[in-house]
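Quick notes on the structure that follows.
In this chain, numbering begins with 1 at the start of the sequence shown. Counting starts at 1 for both ligands and their atoms, in listed order.
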Amino acid sequence: MTILVTGGAGFIGSNFVHHCLGQSDEAVVNLDALTYAGNLGNLARWAGDPRHVFVKGDIGDRALVDQLLQTHQPRAVINFAAESHVDRSIHGPADFIQTNVVGTFHLLEAVRAYWMGLAADASGLTPPSQSHFRFLHVSTDEVYGSLSPTDPPFTETKAFEPNSPYSASKAASDHLVRAWHHTYGLPVLTTNCSNNYGPYHFPEKLIPLVIHNALAGKPLPIYGDGQQIRDWLYVQDHCSAIACVLQSGVPGETYNIGGWNEKPNLDVVNTICQLLDQMRPRSDGLSYATQITYVTDRPGHDRRYAIDARKIERELGWRPAESFETGIRKTIAWYLDNADWVANVTSGAYRQWVDQHYG
Ligand code: NAD
Ligand code: TYD
């Protein structure tokens with residue numbers, strides 16, 4: 001059997017490809033536009049493996065997606081592809097609307113046509129069947145808006161109140177996915193996850209940026225007062241949750257994914273500095289915390305996100321394996337061991353290589 005993953009050269013998508021290829025015999029067709037955030041180096045482990053078919057392309061390219069679906073007959077499509085960075089969405093929202101909203105629309109239409117053409121019965125002679133097919137849409141807790149310190153964590157019934165161009169574009173895509181189930185019966189699943197961290201995280205988001213800047217002797221920028229709260233989940237726990245929802249989730253349902261790890265940004269940055277002080281001490285003996293620099297706050301900065309993950313635990317039996325303490329230590333160790341990866345994804349040479357190889 002085969003699954004089609006979109007955005008599988010990005011941070012979470014590539015971790016999910018590793019999860020699938022490492023834990024099952026299934027093939028993965030990986031459709032990714034290789035924007036600045038997509039890196040084939042994330043997938044180097046599978047180079048030459050016939051179970052990983054990489055295709056450079058856009059989720060909004062209807063003809064390409066139609067052709068991939070007909071050729072590979074996947075039993076599921078998992079949509080990770082997105083523009084994902086809030087700061088970039090503030091400076092240039094157009095790409096977010098194009099990929100996250102328009103792209104998801106075209107993808108849904110291609111998947112609907114494919115699903116309607118599948119055999120209705122589940123005889124098992126010509127898998128996949130309509131009844132077994134799933135479209136899983138990967139989304140974020142940011143669609144729910146911002147919490148005050150005393151609000152309860154987001155449940156799946158919380159109204160959407162997105163505040164940034166990024167979260168508004170993701171909320172729009174979640175609504176499209178919901179409507180394609182309600183109107184056309186497409187068997188969709190939606191997951192809304194909290195902030196991820198771990199290997200292959202592009203060093204523009206808080207945790208990898210702080211690790212990268214600390215080691216490079218650069219400032220560690222704290223937006224505003226640093227007391228904004230995020231709810232952190234180790235990326236491989238997110239991947240196991242998606243696999244669990246794909247396996248056992250009920251079509252039309254949404255599932256929140258989180259690890260009950262709310263932390264103020266300043267605490268996260270101080271924790272990283274303390275661990276780096278132990279694992280790679282600065283040559284001058286000073287703490288990396290001396291590099292912390294307060295900078296102007298992000299416009300419209302959401303104050304607090306927190307996920308109530310009781311539904312996925314109660315209904316599907318999923319729980320995270322890592323605490324923040326174990327996950328952040330693993331993450332820092334990975335960045336210390338993979339300095340070449342960081343250099344590659346941040347260098348112009350890497351981009352030239354991608355252009356040469358994939359046009
Ligand atoms: P990312 O930015 O690291 O990767 C996105 C990938 O999508 C890249 O490989 C990029 O090349 C690809 N892509 C972008 N536009 C495309 C297009 N039009 N067609 C095909 N591919 C395209 O993002 P991520 O952090 O891995 O996030 C993956 C998904 O998970 C996103 O949908 C995001 O909204 C969601 N999410 C992320 C987090 C988080 O903390 N990073 C948390 C919850 C949900
Ligand atoms: P980020 O990793 O961009 O994720 P998101 O905005 O999707 O939650 O940011 C996490 C938090 O860290 C957010 O409150 C903004 C803050 N932040 C900083 O204080 N400094 C930085 O340099 C960055 C990138 C983020």
Side-chain angles (χ1 to χ4, degrees), residues 5-17 30-40 42-43 55-61 64-65 78-90 95-96 98-100 102-104 106-107 137-143 146 163-164 166-167 169-171 173-174 191-198 200-210 212-213 219-233 235 238-239 242 256-258 263-266 268-269 292-298 300-305 307 345 354:
V5 167
T6 73
F11 165 46
I12 305 172
S14 62
N15 275 283
F16 187 77
V17 170
N30 184 351
L31 172 64
D32 194 298
L34 293 181
T35 68
Y36 78 95
N39 296 293
L40 286 171
N42 299 8
L43 300 158
V55 180
K56 183 182 175 189
D58 195 311
I59 56 167
D61 182 341
L64 174 63
V65 178
I78 307 182
N79 184 30
F80 292 93
E83 289 293 335
S84 69
H85 188 35
V86 173
D87 291 328
R88 284 181 186 253
S89 83
I90 294 168
D95 288 348
F96 288 73
Q98 195 55 42
T99 286
N100 301 1
V102 180
T104 301
H106 288 301
L107 181 64
H137 180 62
V138 178
S139 192
T140 167
D141 59 357
E142 303 191 26
V143 298
S146 184
N163 291 317
S164 71
Y166 164 67
S167 56
S169 68
K170 290 297 291 187
S173 68
D174 291 13
T191 55
N192 293 93
C193 187
S194 61
N195 285 60
N196 284 212
Y197 66 101
Y200 305 111
H201 205 180
F202 195 82
E204 66 179 357
K205 309 269 173 70
L206 180 69
I207 287 180
L209 179 122
V210 164
H212 178 55
N213 280 15
L220 312 181
I222 303 285
Y223 297 169
D225 64 3
Q227 293 307 314
Q228 305 85 2
I229 290 173
R230 297 294 182 263
D231 190 352
W232 295 97
L233 185 70
V235 64
H238 188 185
C239 294
I242 290 170
N256 281 353
I257 303 172
K263 307 268 176 211
N265 293 338
L266 193 58
V268 169
V269 174
I292 288 175
T293 307
Y294 289 86
V295 300
T296 307
D297 206 354
R298 170 189 282 173
H301 198 167
D302 283 341
R303 196 69 183 163
R304 174 179 168 235
Y305 304 139
I307 276 281
V345 301
V354 167

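Which parts of ligand 1 touch L34 is read off a 4.0 Å heavy-atom cut-off, strictly below it: atoms 11 (O). Residue-ligand proximity, G57 to ligand 1, at heavy-atom distances under 4.0 Å covers atoms 19 (N), 20 (C). Atom numbering of ligand 1 starts at 1 in the shown order; those under 4.0 Å from a heavy atom of V138 are 30 (O), 32 (O). Under a 4.0 Å criterion applied to the non-hydrogen atoms of Y166, ligand 1 contributes the atoms 33 (C), 34 (O). Applying the 4.0 Å criterion to heavy atoms of A9 picks out, from ligand 1, the atoms 9 (O). Within ligand 1, counting atoms from 1 as listed, the ones closer than 4.0 Å to a heavy atom of N195 are 40 (O). Near F80, the atoms of ligand 1 lying under 4.0 angstrom from a non-hydrogen atom of the residue are 28 (C), 29 (C), 31 (C), 32 (O).
Of the heavy atoms in Q98, none comes closer than 4.0 Å to ligand 1. Here N79 has no heavy atoms under 4.0 Å from ligand 1, in either its backbone or its side chain.
Which of I59, D32, N192 comes nearest to atom 8 (C) of ligand 1 through a heavy atom is settled by distance: it is D32. One option in A81, G8, A37, G38 has a heavy atom closer to atom 22 (C) of ligand 1 than any other, and that option is A81. Heavy-atom proximity to atom 44 (C) of ligand 1, evaluated over S139, S84, S194, is greatest for S139.
Geometrically, ligand 1 and T35 share a nitrogen or oxygen pair separated by less than 3.5 Å. For ligand 1, one of its N or O atoms has an N or O atom of T99 under 3.5 Å away. Taking distance alone, with nitrogen or oxygen atoms compared against 3.5 Å, N196 approaches ligand 1 more closely than that limit. Geometrically, ligand 1 and K170 share a nitrogen or oxygen pair separated by less than 3.5 Å. For a threshold of 3.5 Å applied to N or O pairs, the pair formed by L31 and ligand 1 contains no separation below that value. Between C193 and ligand 1, no N or O atom pair is found at a separation short of 3.5 Å.
Counting heavy atoms from C-beta outward, E142 and K170 have side chains that stay 4.5 Å or more apart. Put simply, the side chain of T140 does not reach to within 4.5 Å of the side chain of Y305, judged on heavy atoms.
Near ligand 2, heavy-atom contacts under 4.0 Å come from H85, V86, E142, N195, E204, K205, L206, L209, P221, I222, Y223, Q228, R230, N265, R298, H301, Y305.
For the residue pair S169 and N100, a side-chain donor N or O sits within less than 3.5 Å of a side-chain acceptor on the partner. Side-chain atoms of Y197 and R230 form no donor-acceptor pair, as typed in the model, at a separation below 3.5 Å. Remark: the D174 side chain and the N192 side chain contain an N/O donor-acceptor pair separated by less than 3.5 Å. Side-chain contact annotation: T104 with H137, donor-acceptor N/O pair under 3.5 Å absent.
Using a 4.0 Å cut-off between charged nitrogen and carboxylate oxygen, D225 and R303 count as a salt-bridge pair.
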